[in-house]
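First the structure, in the form of C-alpha cells, and then the observations on it.
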Amino acid sequence: MAQYDYDLFTIGAGSGGVRASRIAAAHGAKVAVAEEHKIGGTCVVRGCVPKKMLVYGAHFAEDLQDAKAFGWSVDNPTFDWTVLRDNVLGEVERLSGLYTQTLDNNNVTLIHQRASVSGPNEVTLADGSKVTAKYILIATGARPHVPGCPGHEHGITSNDAFHLEALPKRILIAGGGYIANEFAGIFNEFGTHVTIINRSDTLLRGYDEQLRDRLLQISLTKGIDFRFNAEFRGIEKQADGTLKVAMTNHEDLVVDAVMFATGRLPNSEGLGLDTLGVDLGERGEIKVDRFSKTSVDSIYAIGDVTDRVQLTPVAIREGHAFADTVFGGKPTTVDYSCVPSAVFSHPPLCGVGLTESQARNTLGAVKVYTSDFRPMKHVLAGRNERSLYKLVCDEADKIVGIHLLGPDAPEILQGAAVAVKAGLSKTDFDATVAIHPTMAEELVLMR
Ligand code: NDP
C-alpha cells in the first residue's frame with residue numbers, strides 16, 4: 001500500500017499551482033489540488049486577463065475620437081458598462097473551464113474546498129477530512145492590502161472592480177503602482193473622473209524615471225488628477241451615499257467610489273504554517289530556497305505567496321521548475337534576471353533590465369539612447385501624445401535595459417527583451433534593418 005494518498009498536494013489552483021500540478025502529473029506523480037474559489041487564480045479570474053480586456057474596452061474611447069481624422073463618422077457613440085462587464089466575466093468563466101479541463105486531462109484530482117496544512121505530510125480540508133501527501137505545495141497567491149483607516153470598509157479593491165453594478169462618476173484610487181495606474185486609465189477612458197492619491201511623490205517605483213514622468217504628464221493631460229504625499233486619514237459615508245475622504249496634506253475629497261490599490265499581501269494566513277514551523281517573512285511571505293523549498297523539507301511554495309516577483313509568468317516558471325526538480329529528476333531554478341514587465345496604463349509603459357539610474361548606480365559609466373516621437377497614427381489623428389523609448393547600454397555598448405512608453409509598447413518589448421537577455425549590443429541593434437513604417441523600428445534607429 002502507498003505510504004501517502006498523493007505524491008503531491010497543491011493548495012491553490014492559480015497560474016503557478018496549475019502549472020506545477022500538471023507538470024508533476026506528467027512526470028508520473030499522483031496529484032491533487034485544492035481550490036476554494038474559481039480555477040485559474042488571480043491572473044485569470046480577477047487580475048491580468050479580465051483587466052487586459054477592460055483596457056481594450058477602454059481604449060475604444062480614444063479610437064472612436066481618432067477615427068474622424070481617418071474619415072469615419074462615428075457620431076455620438078455610447079458605452080454600456082454592463083455589456084463589457086458581462087462579456088468579460090463570461091470569458092473568465094470560459095478560461096476557468098479550460099484550466100479545469102487541463103487538470104482533468106492530466107489526471108489531477110480537483111478538490112473544491114479550502115485546505116490547510118496539518119502536518120509535514122498532511123492536509124486538512126474544510127469538511128474536516130484529512131489527506132496525506134509526500135510533498136505539499138503552497139500556491140495560494142496574494143490578496144489586496146487595504147490600509148486600516150477608519151471607514152476603509154467603504155472602499156473597494158481591484159477584485160470588486162470587475163463586478164461593479166455601474167461606473168462611478170468620480171473615483172479616488174489610492175496607490176501609485178501597477179493597479180492604480182492601470183485602473184486610472186480604464187476608468188478615465190470610460191468617463192469616470194479619477195483622482196490618484198499616493199503616499200509619496202513616486203509613481204511606479206522601479207520603472208525608469210523619465211518614462212514615469214512622461215506617463216504622469218500624459219495622464220494629467222487626459223484629465224486624471226493626482227495628489228502626492230497624501231496618506232489616508234479616513235472615509236466617511238455621507239447621507240447621499242457619496243464618500244468623503246480625508247487625507248494628509250490635502251483638502252477632503254468627495255467621490256462616489258474609493259479603490260485601494262496599495263499593494264498585495266501573501267495569502268499565508270490560516271494555512272497552519274506557523275504551527276509547523278514554516279518560516280515566514282515580515283509581510284507574511286513564505287520563505288523559500290532557490291528550489292522553492294520552505295524550511296520544512298516536504299513543503300514547497302511558489303508564486304505570489306513567496307513575494308519574490310509578483311508576476312504570473314514568474315509564478316508559472318516557479319511551478320514548472322518545482323515539478324521538474326521534485327518529480328522530473330531535473331533540479332531547476334528560476335532565473336530572475338532580466339524579467340520584462342509592463343503596466344497596461346493608457347498608454348502602456350514597460351521595461352526590461354536596468355533603468356538608467358540603476359545602471360548609473362551599478363555600472364558607473366553608461367550610454368543612454370532615447371527616441372521621443374509622435375506615432376504616425378497620433379499625428380494624423382491630431383493626438384498630441386508622444387512616445388518615449390530608451391536603450392541603456394554599458395560602456396562596451398551591451399544593452400542592459402530597454403524601456404518603452406507608447407501604444408503597444410509591451411507587444412514590442414517582448415521580442416526586444418530576448419535581445420537583452422541574450423546580452424546583445426547596440427551594434428547588433430544597429431545592424432538590424434528596420435521594419436518601416438513602425439514604432440518598433442525606433443529600437444534599431446537610435447543614434
Ligand atoms: P504596487 O506594489 O505596484 O504599488 C503599490 C502602491 O501602493 C505604491 O504606490 C505604494 O507606495 C503604495 N502603498 C503601499 N503600501 C501602502 C500603504 N500602506 N498606504 C498607502 N500606500 C501604500 O502594488 P499594486 O497593488 O498596484 O499591485 C500589486 C502587485 O501585483 C504589483 O506589484 C505587481 O507585481 C502585480 N501586478 C502586475 C501587473 C502587471 O504585470 N501588469 C498588474 C497589476 C498588478 P510606495 O511606492 O511608496 O511603496
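Every number for a ligand or one of its atoms is a count from 1 in the order of the listing.
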Check step by step if side chain to side chain donor-acceptor pair (under 3.5 Å) holds for R170 and H193.
CA-CA 5 Å; R170 299 159 297 180; H193 181 261; over 6 Å; no
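In summary, the aromatic rings of F232 and F260 are positioned with their centroids under 6.0 Å apart. Close placement of the F162 and F183 rings is indicated, their centers lying within 6.0 Å of each other. The aromatic ring centroids of F373 and Y389 lie less than 6.0 Å from each other. Here F79 and F60 keep their ring centres 6.0 angstrom or further from each other.
The protein non-hydrogen atom at the shortest distance from atom 4 (O) of ligand 1 is G177 CA, 3.3 Å. Remark: minimum distance from atom 3 (O) of ligand 1 to any protein heavy atom is reached at Y178 N, 3.1 Å. Distance from atom 7 (O) of ligand 1 to its nearest protein heavy atom, with residue and atom name: T262 CA, 3.3 Å. The protein heavy-atom contact nearest to atom 35 (C) of ligand 1 is Q310 O, 3.4 Å.
Shown in contact with G176 at under 4.0 Å from a heavy atom are these atoms of ligand 1, numbered in order with element: 6 (C), 8 (C), 9 (O).
The residue from R264, R199, H145 that puts a heavy atom closest to atom 14 (C) of ligand 1 is R199. By heavy-atom distance, the residue among V309, T42, T157, I179 lying nearest atom 44 (C) of ligand 1 is I179.
Under the 4.0 angstrom criterion for non-hydrogen atoms, S341 is not in contact with ligand 1. Using a 4.0 Å cutoff on heavy atoms, K51 counts as a contact of ligand 1.
Checking only distances, G263 does come within under 3.5 Å of ligand 1, N or O to N or O. Checking only distances, L311 never comes within under 3.5 Å of ligand 1, N or O to N or O. Residue V343 places no N or O, backbone or side chain, under 3.5 Å from any N or O of ligand 1.
Between K367 and D394 there is no salt bridge, since no side-chain nitrogen of the basic residue lies less than 4.0 Å from a carboxylate oxygen of the acidic one.
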